[in-house]
Student: 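One structure coming up, written as structure tokens, with questions to follow.
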Amino acid sequence: GESSMKWAEAIALPTNEESEALLRIRHSSSHVMAQAVQKLFKGTKCTIGPWIEKGFYYDFDPPEGRPFKDTDLRKIKKEMG
């Protein structure tokens with residue numbers, strides 16, 4: 001309803017430039033993700049993995065060369081938790 005719209009409009013999420021803590025969280029989370037991927041998919045190499053404006057990412061080089069599937073992503077998320 002209208003009251004929930006006002007609530008949503010009042011939320012201001014920090015940006016990388018405004019929050020050193022946010023950068024630390026994103027940096028640490030990227031390492032946790034890399035560890036989860038390497039644990040679940042033995043032999044996977046981590047390449048580039050910086051934080052970006054809306055989160056973080058890593059490029060991975062799995063030994064079999066196939067991209068991750070949705071089921072793989074769910075396993076990674078669970079391992080990170």
Student: Kindly state each residue pair satisfying side-chain hydrogen bond (donor to acceptor under 3.5 Å, both in side chains) with at least one member in residues 70-81, sequence neighbours excluded.
Tutor: Lys39-Glu79, Arg66-Asp72
Student: For Tyr57, does its backbone N or O pair with a side-chain atom of Ser30 as donor and acceptor, under 3.5 Å?
Tutor: no
Student: Roughly how far, to the nearest 0.5 Å, is the CZ atom of Phe68 from the OG1 atom of Thr44?
Tutor: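 Output value for this atom pair is 5.0 Å.
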Student: Can you check whether Phe41 and Phe60 have ring centres sitting under 6.0 Å from each other?
Tutor: no
Student: CD/Gln35 to SG/Cys46 distance, rounded to the nearest 0.5 angstrom?
Tutor: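 So the gap between those two atoms works out to 9.0 Å.
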Student: Rounded at 0.5 Å granularity, tell me how far OH in Tyr58 sits from CD in Gln38.
Tutor: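 If I round to the nearest 0.5 Å, the distance is 8.0 Å.
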Student: Honestly curious: do Leu40 and Val37 fall in one hydrophobic cluster under the side-chain, below-4.5 Å linking rule?
Tutor: yes
Student: Just how far is it from atom NE2 of His27 to atom CD of Glu20, taken to the nearest 0.5 Å?
Tutor: 11.0 Å
